[in-house]
Amino acid sequence: MKIIRKIKGLRQEIKKIKSAGKSIGFVPTMGALHQGHVSLIRRARRECNKVVVSIFVNPTQFSPKEDYKRYPRNLKKDAQICRKDGVDIIFCPQTAEMYPQGFKSYVSVSGLSDCLCGKSRPGHFKGVATVVAKLFNLTAPDKAYFGQKDAQQAAVIRSMVADLNIPVEIRVLPTAREKDGLALSSRNAYLSEGQRSDALVLSQALKLARVLIKSDSRDASVIMRQMRRLIQNKKSARVDYIALVNPQDLKPLKIISGPCLVALAVYIGKTRLIDNTLIEPN
Ligand code: AMP
């Protein structure tokens, strides 16, 4: 496995792979790898000749008050995980090379970026779309792997790829969870023991939504109210948003009559966690 820090070095390796006629599977990450990331890496390993993982804590997707500085970074441990799962290249660029002085071009996906997480994280998806576009240009992948855990991000990337004719197939894989239902996230590392237990309320609220919809509850506001009530029972929890939306365009649903993405963001103490589930009514 090669660990590449420079754009020039990456381009050389990608050129070699391409001229040997091999396919590239790409998994963009911010590191602090867990089994969710591993599920993407393993799928890429199965479907492509070469697997490239990027590890880059992208400053443009954090607002000034967010956790950019304290976001967990552990390249040594990440490299062990990647090596074990057959990754060929880790690309971990320097911020100064990704965003040199004078950088002024951004990708923004209108319509999908300002709702849900975009409301409390203005500019976040512009940062995400920009860095993913750059990484696609550098890596030239045949397939790129994303998690359903970040459903809005996946929708933004799909839309960007379609709109800008980027020649890559986007694969979105299910959310990996702990046995008790907590969605794996690098940010779970911030949680105290008590908060870790309160954080279960995210997946419990999603389960409640599923039970309600499967038992023919159709009014989104009633479902959201019950979810909110459940979450508010936890001392350390504060709802950022709860939403029932169309999975394609992320527009709010009033009445559930087709596929529905139930998404939420909840602060557990100071840690903002997200989760979602896709539900088909009966
Ligand atoms: P991140 O390192 O948080 O930027 O995530 C990198 C990729 O891993 C994104 O496509 C995420 O959606 C995906 N991912 C994060 N958590 C999970 C999870 N629990 N299950 C599956 N994929 C995940």
Side-chain angles (χ1 to χ4, degrees), residues 32 34-36 39 62-63 65-67 70-72 114-122 124-125 147-155 174-247 250-282:
H34 51 63
Q35 286 304 308
S39 70
F62 290 80
S63 68
K65 284 199 182 139
E66 290 181 339
D67 56 342
R70 76 179 191 120
Y71 195 86
D114 298 330
C115 56
L116 307 177
C117 289
K119 259 194 198 152
S120 51
R121 304 190 74 189
H124 171 69
F125 290 107
Q148 175 65 22
K149 157 94 180 345
D150 297 87
Q152 188 173 9
Q153 169 174 281
T175 302
R177 297 177 181 280
E178 304 274 13
K179 279 208 182 78
D180 58 10
L182 180 69
L184 296 179
S185 162
S186 307
R187 289 191 169 96
N188 292 349
Y190 299 149
L191 302 173
S192 69
E193 209 176 303
Q195 290 174 338
R196 163 72 181 71
S197 152
D198 283 359
L200 281 181
V201 80
L202 278 88
S203 57
Q204 285 164 355
L206 295 175
K207 271 190 205 141
L208 172 63
R210 182 173 295 278
V211 169
L212 291 171
I213 293 172
K214 291 290 179 190
S215 53
D216 289 337
S217 222
R218 291 287 173 265
D219 185 334
S221 64
V222 170
I223 297 164
M224 289 191 290
R225 206 175 311 134
Q226 299 219 33
M227 292 172 72
R228 186 176 290 270
R229 206 172 295 148
L230 179 77
I231 295 168
Q232 281 170 343
N233 277 333
K234 299 290 173 192
K235 215 169 75 208
S236 68
R238 180 169 61 84
V239 173
D240 177 11
Y241 71 80
I242 298 171
L244 277 69
V245 299
N246 177 315
L250 307 182
K251 294 261 188 311
L253 297 170
K254 282 206 173 97
I255 299 296
I256 316 304
S257 56
C260 168
L261 180 73
V262 185
L264 76 178
V266 176
Y267 285 94
I268 302 290
K270 286 192 172 143
T271 305
R272 184 176 176 280
L273 299 177
I274 58 169
D275 201 351
N276 69 80
T277 190
L278 195 61
I279 304 177
E280 300 268 355
N282 294 327

* Structure fact -> Tightest non-hydrogen contact, residues Thr175 and Lys149, listed as OG1-N, 3.1 Å

* Asked: Should we say atom NZ of Lys119 is surrounded by more than 12 heavy atoms from elsewhere, each under 6.0 Å from it?
  -> no

* Asked: How would you list, by chain and number, every residue that makes a salt bridge (Lys or Arg N to Asp or Glu O under 4.0 Å) with Arg196, sequence neighbours excluded?
  -> Asp180

* **Pairs meeting criterion salt bridge (charged side-chain N to carboxylate O under 4.0 Å, His left out) with involvement of residues 273-282, two or more places apart** => Arg177-Asp275

* Would you call Asn188 and Leu273 a side-chain contact if the rule is heavy atoms closer than 4.5 Å? -> yes

* To do: Starting at CG of Leu278, measure out to CG of Leu206 and round the result to the nearest 0.5 Å.
  => 11.5 Å

* To do: Can you measure from NZ (Lys214) to CG (Asp216) and round to the nearest 0.5 angstrom?
  => 10.0 Å

* Looking at side-chain heavy atoms only, is the closest gap between Ile268 and Arg187 below 4.5 Å? -> no

* Minimum side-chain heavy-atom gap Arg70-Tyr190 below 4.5 Å -> yes

* Asked: Does any N or O in the side chain of Gln35 come within less than 3.5 Å of the main-chain N or O of Ala176, such that one atom is a donor and the other an acceptor?
  -> no

* Asked: Where is the tightest heavy-atom contact between Ser186 and Ala32, given as atom of each residue plus distance?
  -> OG-O, 3.2 Å

* Asked: Do you know which two heavy atoms are closest between Tyr241 and Leu116, and how far apart they sit?
  -> CE2-C, 3.4 Å

* **Partner residues of Arg210 under the salt bridge (Lys or Arg N to Asp or Glu O under 4.0 Å) criterion, sequence neighbours left out** => none

* Residue pair Ile242 / Ile231, side-chain heavy-atom distance below 4.5 Å -> yes

* Structure fact -> Only residue of Leu202, Val266, Leu264, Asp150 satisfying side-chain contact (heavy atoms from CB on, under 4.5 Å) with Ile274 is Asp150

* Keeping to residues at least two apart or across chains, list the side chain to side chain donor-acceptor pair (under 3.5 Å) pairs with something in residues 198-207. => Asp198-Ser236

* Asked: Taking all non-hydrogen atoms of both residues, which atom of Val262 and which atom of Met227 are closest, and how far apart?
  -> CG1-CE, 3.6 Å

* Structure fact -> SG of Cys260 to CD1 of Ile255, rounded to nearest 0.5 Å, is 11.5 Å

* Should Gln152 and Cys115 be marked as a side chain to side chain contact (heavy atoms under 4.5 Å, CB included) after you check the CA-CA gap, both sets of side-chain angles, and the distance that decides it? -> CA-CA 9 Å; Gln152 188 173 9; Cys115 56; 3.6 Å; yes

* Specify the closest pair of heavy atoms between Phe62 and Tyr71, including all atoms of both residues, with the distance to one decimal. => CZ-CD1, 4.0 Å

* Structure fact -> Nearest heavy-atom approach of Pro281 to Pro259 is CD-N, 4.1 Å

* To do: List in chain and number order the residues that pass salt bridge (Lys or Arg N to Asp or Glu O under 4.0 Å) with Glu66, two or more places apart in sequence or in another chain; answer none if no residue qualifies.
  => Arg121

* Can you list every pair that meets salt bridge (charged side-chain N to carboxylate O under 4.0 Å, His left out) and has a residue in residues 220-240, with sequence neighbours left out? -> Asp240-Arg272

* What's the spacing between Asn246 CG and Ile256 CD1 if we round to 0.5 Å? -> 10.5 Å

* To do: Please tell me if the side chains of Ile223 and Ile213 come closer than 4.5 Å, counting only heavy atoms from C-beta onward.
  => yes

